[in-house]
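Quick note on labels: first sequence line is chain A, next is B, and so on, each numbered from 1. Quick caveat, the model's predicted, so the values are computed rather than measured. We use all heavy atoms of the structure for the numbers below, so side chains are in, but hydrogens, waters and symmetry mates are not.
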Amino acid sequence: MTALAQQASADKAHIKLRGITMAYDDFIIQRDLSFDINHEDIFIIMGGSGCGKSTLLKLLIGLKTPATGDIEYDDINFWQSTQEEQTRIKQRFGVLFQSGALWSSMTLAENVALSIEEYTDLTAKQINEVVSYKLALVGLAGYEDFYPSEISGGMQKRAGLARAMALDPEILFFDEPSAGLDPISARRLDELILELRDSLKTTVVVVTHELASIFEIGNNSVFLDVETKTMIATGNPNKLRADCPEAKVREFLNRGVK
Amino acid sequence: MTLSSNEHWSLSINPEDSAALIIVPGGDWRLKNSLPDTDSIRAYLNEHPDQQSLTFNSQLITHWDTGFCTFLISVIELSKTSGIKTDLSGLPEGVRRLLALATAVPEVKDTGRKPQSAGSLEKIGQFVIDLLRGMPEALHFLGEATLAFIQFLKGKAQYRRSDFFLIIQDVGPRALPIVTLISFLVGLILAYMGAVQLQQFGAQIFIADLVGIGMVREMAALMTGIIMAGRSGAAFAAQLGTMQVNEEIDALKTLGISPMEHLVLPRMLALIMMVPLLTLYGSIVGMIAGLIIAVTAFEVTAFEYYNQTLRALDMRHVLVGLSKASVYGVLIAYSGCLRGMQCGRSASAVGEATTSAVVTSIVLIVIAASVLTVIFQSLGI
Ligand SMILES: Nc1ncnc2c1ncn2[C@@H]1O[C@H](COP(=O)(O)OP(=O)(O)O)[C@@H](O)[C@H]1O
Ligand SMILES: [Mg+2]
């Protein structure tokens, strides 16, 4: 019975987009976006810079309203839900912003601890343990008492990731996580993403340009096109590379070689 | 043997023989279920100091998350300090890999951090030291600002004219409404306060002298100074402080552009020019307020008031007022820019810089007001 129920929930899309148009006022960024992000996907959002990847991510985390269309999380329509329901849905998200967006007047430990203090009733000691563990996962053990301005950009990014993972979210969103990381840290990050998916069953949505990590971790994707202002491909990036009907997508995935 | 449990989880141990300990956690080990700490295991180990190895049997685990991982990390830490070998092979695959990731990068021990607990005496000492350290820094800034000003006089300063005019616009015309309001009310207060006394002698006409000289020599400059400290001094500190946070000032420096000339100079110039003009405007508004009071409430005609004002005021008073205003302008720009450039690299540092800019400039303005008044009086101007 439970196995069956699990099966059913795994078959259903975790996030479902239907006919989404996103715009800043009258300036349309992308239109007609319809795709599914399944449970335990590592879903890649790709496309040239300025095509609206970050905007799409903002839409997916509920920071921005779509101009038209619906977004559903586990079949709950986000923009038709009550305020409380929206908050409850958002609590299941963990987000790593493009610039890290750490709170500059708090130490790394305080940055990670904030949501744990807010939403759980752990003791101070337990919170410290969780914080140290999360920082250790991103390779920042021992940096608890540093302020964001005292560590490098790449380290800020990793600390942002530790903060995003603080509450073991169901869905993790990353905006260009490996930009600014050294190759070894970038690789460790990929491993960590795979690990989170495999062991904690997290669904992961990643905006990235890194071909290596697209093929390494991605099992589903969407490609946004700047010129036609819509999605022109969706599916497993390894398959798209070989036989996507759109030349643009193949070119992107083969590093500009047609 | 069960060490501890609640309705969600249980923690048991399975002492196979005397030397090998098997830890058997069971149930739902998620953070929300108020998980146990390692005290019970520590107590057991203290009672049985002859343990040599520690293994896990996790077949009874149904759910786990971060809480389970942190518990295990504590257990591993504990066994390390007691010199016991740990074998993780009995743990779920995912847990083992996460633990491996968490320990892949060793903890950085030597981070150059000093412990930050300080007694109250030490804090007082640190405060005094910081205060003394601030002095040379402030003087240094003053020197650099002066050098930038000399560059400007020579016509060699690098700054963008368009920035300069934007700042002028911001500190000048945009401040008119608030200056109008405050000057009008101050003129009104001066007129009323004086008039009640003067009326006893039938000398209401001298309201014109009181308001005219009071506004022109002192009040207009002082009030404008305080308004501009709160308005523009704070804005300067916040702008420069945010640029400091975003490393924009470093970016200027690497291009060989002096932030003093590029950022501080135009702000100083703008305030030095605009505060006297606003003061002049404020004096006129104040005198109009006096006129209105005198005419409506104290039976002075507008023409009489006008003539009396002309008689009372001469160029001397105007120059005294304007020179005070210029000094206040310099002080506001100086404090605002100084605090902005000294700003630390966080959002709260920007807040502190802004507060400190306003406090510094108001203190400096009040000190300067007293000193200048004494000087001008003793010179008989
Ligand atoms: N706050 C905003 N207001 C108006 N336009 C914006 C805003 N943010 C981004 N844009 C525009 O939206 C487009 C997509 O931006 P973005 O989503 O950041 O692209 P990217 O794919 O590089 O992340 C760009 O053309 C950008 O100019
Ligand atoms: Mg972007």
Heavy-atom cut-off 4.5 Å, strictly under: side chain, backbone, both or neither for B:Ser74 against chain A? side chain
Side chain, backbone, both or neither of B:Leu98 within contact of chain A (heavy atoms, under 4.5 Å): both
B:Phe56: what forms a ring-ring contact (aromatic ring centres under 6.0 Å, His included) with it, not counting sequence neighbours?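 By the ring-ring contact (aromatic ring centres under 6.0 Å, His included) rule, B:Phe56 matches no residue at all.
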Any residue meeting ring-ring contact (aromatic ring centres under 6.0 Å, His included) with A:Phe43, in chain and number order, not counting sequence neighbours: A:Phe35
When B:Asp65, B:Asp37, B:Val95 are compared by non-hydrogen pairs under 4.5 Å with chain A, the top option: B:Asp65
Any cation-pi pair here, A:Lys64 with A:Tyr24, using under 6.0 Å and within 45°?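 Relative to the ring axis of A:Tyr24, which defines the angle, A:Lys64 lies inside both limits.
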Check whether A:Trp103 forms a cation-pi arrangement with A:Arg163 (NZ or CZ under 6.0 Å from the six-membered ring centre, at most 45° off the ring normal).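 Yes.
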Parallel, tilted or perpendicular, as decided by the 30° and 60° cut-offs, for the rings of B:Phe71 and B:Phe68: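 B:Phe68 vs B:Phe71 ring planes: parallel.
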Any idea which of A:Thr123, A:Leu122, A:Leu140, A:Thr120 has the most non-hydrogen atom pairs under 4.5 angstrom with chain B?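 Highest number of pairs under 4.5 Å: A:Leu122.
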Closest contact, heavy atoms only, B:Trp29 versus B:Pro36: CH2-CG, 3.6 Å
So, B:Arg345 and B:Glu247, do they make that salt bridge, N to O below 4.0 Å?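 A salt bridge is present here (some side-chain N lies under 4.0 Å from a carboxylate O).
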Identify the residues of residues 126-139 of chain A whose heavy atoms come closer than 4.5 Å to a heavy atom of chain B, ordered by number, or report 'none'.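 Near chain B, by residue number: A:Gln126, A:Glu129, A:Val130, A:Tyr133, A:Lys134, A:Ala136, A:Leu137, A:Gly139.
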With A:Asp75, which residues qualify under side-chain contact (heavy atoms from CB on, under 4.5 Å), at least two apart?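 Applying side-chain contact (heavy atoms from CB on, under 4.5 Å) to A:Asp75 gives A:Lys12, A:Lys16, A:Glu72.
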